[in-house]
Amino acid sequence: MSATETTKYYFQRASKELGIESQLEKVLITPRREVKVECIIELDSGEMATYTGFRVQHDSARGPMKGGLRYHPEVDPDEVNSLASLMTWKTAVVNIPYGGAKGGISCDPGQLSHQELQKITRAFVDEIHDVIGPQLDIPAPDMGSNAQTMAWIVDQFSKYHGWTPAVVTGKPLELGGSEGREAATGQGVFYAIEALMKDEGRALSDLRFAIQGFGNVGSYAAKFISQAGGKIVAISDAGGAIYSKDGIDIESLMLHTQSAGTICGYEGAEAMKRDQLLTVDCDVLIPAALGGVLTREVASEIKAKYIIEAANGPTTPEADEYFIKKGIILLPDIFVNAGGVVVSYFEWVQNIQQFRWNLKRVNEELKTIMLDAYSEIVQTAKTTNCDLRTAAFQLAISRVARATALRGLENESFCMIR
Ligand code: GLU
């Protein structure tokens, strides 16, 4: 099943539960605009090269569209479409005033110089600057892009439209970025885990965690979990995996990756095969890398009792059904990794108000939003007797459908929505 079909499957499972009819379903699932552009640049070697860029604007019923910009060789229309749709449900489930969008450029940032990446980014902005903006569509970092990428976007966009820091979020602090934005997704993952384990009556210090991915999300999640006493027994990245039954020292691993660029070669833990990570003996499994990794095959080998989806779209529908049947508790991506876009929202608010918040305020507000969303998801799951993903989608879909109806696209089935 493709990434788009997977998202559609989860959407339809919840929309059926809500009793939404097919016409309305189509309105809610179909993206409003799909843009494909070529970013043509001169490489450092003097050769010309072209990279395909995408921006999919999925829904704007609840506010300007919002979502990251991914730089990765596997970026394609299917992936971007699915991720754009997930952004609509993500912003709705945590109830921030945005729609959903996603973009990406098919390139390998590891193989490109700083100058080349800058040129690709500026070429992309040249092509799409008319369809993004602070009240229209606000990009942010995602896999393979970062605060520097956002700085180039602000600069290039501002050449066309005047100084506009609120056109993107996840910027460097010097250009109107927010305190806490870099760590926000990992921080949100931590708040989600804290809320779940409180409900389950489990202390973090009694749990063993395995994390797939040690990029922005995985590394900060690992840091906050270990600071709270959780034992991280296994971690993987694109290069390999490491294991320590007594728990990995995250601070020292972070220092190692800063210089080595990978977790491989870290001396404080044993090396392990990368594909063993998902099925390692642990209590909590956190996929924090690419989509589609938890397949039905992998699912039956998983030892964890809890799965926390820090990545976007890590679980295939077959694996998801298996987890439900086996009573494995899964917190879904649209809730778990929403911390990034929530603090993006705070950054955008600060840009518009031209008033800075401190880290304490950012994290307190983030925690409140994550805990409120958690309670609403759990409540919905109880009242409609469904799993947590279906509950999160139900909450999100009903919010978007209501906003759509209130804005004038009304028919009987819109009015039926809770
Ligand atoms: N790329 C992040 C995500 O997938 C953040 C998006 C944003 O801040 O707009 O949620």
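Count residues from 1 along the sequence. First listed ligand is number 1; within each ligand, the first listed atom is number 1.
- In this structure, atom 10 (O) of ligand 1 lies nearest to the protein heavy atom K90 NZ, 2.7 Å.
- Judged by distance alone, the side chains of D44 and S113 do bring a donor and an acceptor atom under 3.5 Å apart.
- The shortest heavy-atom distance from R181 to ligand 1 is under 4.0 Å.
- The shortest separation from a heavy atom of G67 to ligand 1 is under 4.0 Å, placing the residue in contact.
- Among all non-hydrogen protein atoms, the one lying nearest atom 8 (O) of ligand 1 is S344 OG, 2.5 Å.
- Under the 4.0 angstrom criterion for non-hydrogen atoms, P141 is in contact with ligand 1.
- For atom 4 (O) of ligand 1, the nearest non-hydrogen atom of the protein is K102 NZ, 2.9 Å.
- The aromatic rings of H114 and W152 sit perpendicular, their planes meeting at an angle over 60°, well past the 30° parallel limit.
- Protein heavy atom at the shortest distance from atom 7 (C) of ligand 1 is A140 CB, 3.3 Å.
- In terms of protein heavy atoms, atom 1 (N) of ligand 1 is closest to D142 OD1, 2.7 Å.
- With hydrogens left out, the protein atom closest to atom 6 (C) of ligand 1 is G68 N, 3.7 Å, a heavy atom.
- Judged by the shortest distance from any of its heavy atoms, M87 lies inside the 4.0 Å radius around the atoms of ligand 1.
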